[in-house]
Structures are given as C-alpha cells and as structure tokens.
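Reviewing the structure listed below.
Both backbone and side-chain heavy atoms feed into the values below; hydrogens, waters and symmetry mates do not.
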Amino acid sequence: MTIFVSVNMEKIIVVNYFKVSKQYTGETITGTLLISTMLALLYCLVILIFSNKLSSELGFSSIYLYIAISYCLLNLISSINLAIWKAEANPKSFGIYSLSIVFLNCAITILFLVAFDLGWVSRAVAQFGVSLLFGMLSLWIMYKRGFIGHAVRIRIYNMKESLKFGIPLIPNTLSWWAMQGINRFIINSYYGPAEVGLYSFATNFSNIIQIIATSFAQSWHVDVYERLTKKESGYIEYLSAFTRKMIYVYFFITIVIYALSVLLIPVVFPQYTDSLKFLLPLCIGAFAHCINQLFVCYLFYYKKTNILMNITIAVSVINVGLGFVFIQYNLLMAAYISMISEVLIAIMYIIHSHRLVSLKLIFK
C-alpha cells in the first residue's frame, strides 16, 4: 500500500539534492506531501463508500484500512526527513532517528503485549503510534529548517517532475513482488514443509550478502549523485576505480559467506545439511544483486526510471514463466531461476549505466 500513497516520489529528493537549491528541494518536498496527502484522502473516501463490503470481504473492521493509509503517509514524512539527512551525509541524526524508531516500536509492542495481552493488535498500535510521533517530529524538523511552510511555494512543475520520476517505479516494485510471491506460491504448491524449509533456510545466507550491499548503497548512491553533479576533475576515474574495487569486495564477501556456510551448516545445523545444494545459485544471485546496487544509482540520477521499469517487468515475466515451467520438476530450479533473474538485471543495469556514464575501467 505504501507505494500507492508515496508513488515513490520521495526518491527524487536525494537524486535532485545536489542539482538544485534548497528552495527547489523544499518545493519538491511540499509538492510530494501534497500529492500523497490527496491520494491518501482519496483512498479513505473509497474505503468509506465501500466500508461494509470491504469489512465483510476482508474479515476485519475497515478502521484498520484507515490506520494503514495513515501509517503509510506518516512513514513517507519520516522517509523524506531521513532522505534529507542522507543527502547531507549526516549519519548522526540519521542513526539516532532510525534507532529511536526501532527501540520505541519494540518497547511499545512488548508493553501492550505483556501488560494488556492484545496479541497482534500490540504490533499495530506500536507501529501506528511510533509513525505518528516521528511523522509529526519530521514535519517540525523540516519546518524549522525551511523545507516546508508558508514561505515555500507549490509549483506544478515540481509535482509533475516527481510523478514522472516515481510512477514508473510502481510497476518496477510490483514486478519484484511478483517474482518473489508467485515463485513462493509455486514452491508451496508442489513441495512439502520440509523441502520448503530447507530452501528458506538457504536463502537466509544469501540474504546476508544482499543486506550488506543494500546498507553500503545508502552512502554510495549519495556519493555518486554529488560527484556527477559537481563533475570535479577525475570524477569518472574515481567512480570507475571505486566501483571496480567494490565488485572485488562483494565477490570476496560472497565467497567467504558461501564457504563458511558450506563448512558450518553440517556442524552447527546438521538437520539443514540438504539445504547446501541451494547455496551456490542463491549466492551467485546475491552477488549479482550487489552489482545491481552499484549501477542502479546512475539510472536514478539521470531519472531513467522508465528504463528500470522496463527491465524489471521483462525479467519478472521471464522469471515467472520459467518458474511455472521448471520449479515443479525440481526445487533447485527455483534457486537457479532467481540467480538468472538477478544476473539479467545486473547485465542490463551495467549496459544502460555505461551509456550514461563511461565507467571505462569497469569494462577493461
């Protein structure tokens, strides 16, 4: 639901940060918040009109849908505030804010779970309460810093630019969900809990590689945006050399995690020894995902989100098609299909990024 409230418009704030003035950034933020608020109100109106039908179909009160939409909007506000700190390379504020959200979420969940025995409602109350608190805090911080408020004008151009950037990312995100969700459905349809458990266990180790890449990408993308904007002497050489070094680093991390998994799983988790057969393709796919994170920032910087959409949709069609045909014969095929999808995306990202920025050292 989040992507239909935010329309992924918040991502353009970091992309544009080094290209435009603070006033322009404020206008973009204001326009983004206005569009998302209007969309949230529209969804609430639809829920109000069909509340009885929705409640009977979903099996719970429509009030939770209002809460979910509000939660998405409040999270967007926090995300925008975090995006500003990310662009400013302000890890202290970013870290304190992020850790505070996690801490309060856990604390309130435990409080309501233990003290009031509310079950899953405890989690819902905690998430909404924390998002409300930090959403309001983010609005106050952005107001005090001059990014929003009466002095910031609302421009149609900024809103159009944000929508043009964000809308193609909706099918892009949905395609990722389709690849994961449909293949998971196919796996559960043909295999029992034991085999599915082995596959899921193996994915935990490849996910470690992806988490490392995603964490690094937070700072790498900002660095790329700044250097592409300033175009200081030797910036292409720097980006080329650093990207090449990171490919080696990711390759080394992948080898280490794969080797440790192969050595330790039979000893520490002997009941999951049969999961080892999934590790190689899953780790190769995770390595390709790392490469994706290194190159996708160039497509973001030049606002080629339509290219991202086309790549992801095309690969998701291939992924789902291969899944329907081959997974039923061998669960190992699911790991190889995932690997093929990640490799295809990596190749396409590299090709299109190279057309935008000649990272010559990468191709030597």
Side-chain angles (χ1 to χ4, degrees), residues 168-169 171-187 196 198-218 220-221 224 243-244 246-259 261-262 275-300 304-305 307-327 330-355 359 362-363:
L169 294 176
N172 178 68
T173 304
L174 293 176
S175 296
W176 280 106
W177 289 349
M179 283 191 282
Q180 299 296 323
I182 295 176
N183 278 350
R184 180 64 64 178
F185 172 78
I186 297 170
I187 290 170
V196 173
L198 290 172
Y199 181 79
S200 298
F201 181 79
T203 60
N204 291 327
F205 294 90
S206 61
N207 286 342
I208 295 172
I209 302 169
Q210 295 190 19
I211 290 170
I212 293 171
T214 302
S215 300
F216 170 74
Q218 297 288 325
W220 167 244
H221 290 184
V224 170
T243 301
R244 189 171 186 174
M246 287 309 303
I247 291 175
Y248 295 146
V249 169
Y250 286 144
F251 181 74
F252 175 75
I253 291 172
T254 302
I255 294 296
V256 168
I257 290 178
Y258 175 72
S261 301
V262 170
S275 69
L276 293 177
K277 61 186 177 183
F278 301 114
L279 277 176
L280 181 60
L282 287 174
C283 286
I284 294 174
F287 172 69
H289 182 81
C290 295
I291 306 304
N292 298 343
Q293 293 295 314
L294 284 175
F295 288 93
V296 71
C297 52
Y298 297 103
L299 297 175
F300 276 130
K304 303 297 183 180
T305 52
I307 293 177
L308 289 176
M309 175 186 68
N310 293 335
I311 291 172
T312 311
I313 290 176
V315 173
S316 67
V317 171
I318 295 172
N319 178 285
V320 172
L322 291 175
F324 273 113
V325 174
F326 294 106
I327 290 178
N330 193 326
L331 184 53
L332 183 60
M333 294 305 299
Y336 278 102
I337 290 170
S338 176
M339 179 195 75
I340 291 170
S341 300
E342 291 285 5
V343 170
L344 285 175
I345 291 173
I347 292 171
M348 295 307 296
Y349 281 6
I350 292 172
I351 291 172
H352 286 284
S353 296
H354 188 55
R355 290 174 179 173
L359 300 174
I362 299 299
F363 301 95

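Of the inter-residue distances, the one linking Ile318 atom CD1 with Leu344 atom CG reads 5.5 Å to the nearest 0.5 angstrom. With values rounded to the nearest 0.5 angstrom, Phe252 atom CZ is found 10.5 Å from Ile257 atom CD1. Between the CD1 atom of Ile340 and the CG atom of Leu322 there is a distance of 6.0 Å, given to the nearest 0.5 Å. Note that OG1 of Thr305 is 10.0 Å distant from CG of Asn310, once rounded to the nearest 0.5 Å. To the nearest 0.5 Å, the span separating OG1 on Thr214 from CG on Asn207 amounts to 9.5 Å. The distance from atom CD1 of Ile307 to atom CZ of Arg355, rounded to the nearest 0.5 Å, is 8.0 Å.
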For Phe205 and Val262: C-alpha separation, side-chain torsions, deciding distance, then whether side chain to side chain contact (heavy atoms under 4.5 Å, CB included) applies. CA-CA 10 Å; Phe205 294 90; Val262 170; over 6 Å; no
If you apply the rule side chain to side chain contact (heavy atoms under 4.5 Å, CB included), what do you find for Ile209 with Tyr250, and how did you get there? CA-CA 8 Å; Ile209 302 169; Tyr250 286 144; 5.9 Å; no
What do the steps show when you test Ile186 against Asn183 for side chain to side chain contact (heavy atoms under 4.5 Å, CB included), and what is the final call? CA-CA 5 Å; Ile186 297 170; Asn183 278 350; 3.9 Å; yes
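The shortest heavy-atom contact between Pro171 and Met309 is CG-SD, 3.3 Å. In plain terms, the two heavy atoms of Ser175 and Thr312 that are nearest each other are CB-CG2, 3.5 Å. Of all non-hydrogen atoms in Ser353 and Tyr298, the two that sit nearest each other are OG-CB, 3.8 Å. Ser341 approaches Asn319 most closely through the heavy-atom pair OG-ND2, 2.7 Å.
A distance-only check finds no donor-acceptor pair linking the side chain of Ser338 to the backbone of Ala334 [under 3.5 Å].
Between Ile345 and the options Val315, Leu308, Ile350, a side-chain contact (heavy atoms from CB on, under 4.5 Å) holds for only Val315.
Residues Leu174 and Trp177 have side chains in contact (heavy-atom distance under 4.5 Å, counting atoms from C-beta outward). Taking 4.5 Å as the limit, every side-chain heavy atom of Tyr336 sits out of range of all side-chain heavy atoms of Asn330.
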Donor-acceptor pairs are to be reported for all side-chain atoms of residues 275-297 against protein atoms at under 3.5 Å, with residues two or more places apart or in another chain.
| from | atom 1 | to | atom 2 | distance (Å) |
| --- | --- | --- | --- | --- |
| Ser275 | OG | Tyr272 | O | 2.5 |
| Asn292 | OD1 | Ala346 | N | 3.0 |
| Asn292 | ND2 | Glu342 | OE1 | 2.9 |

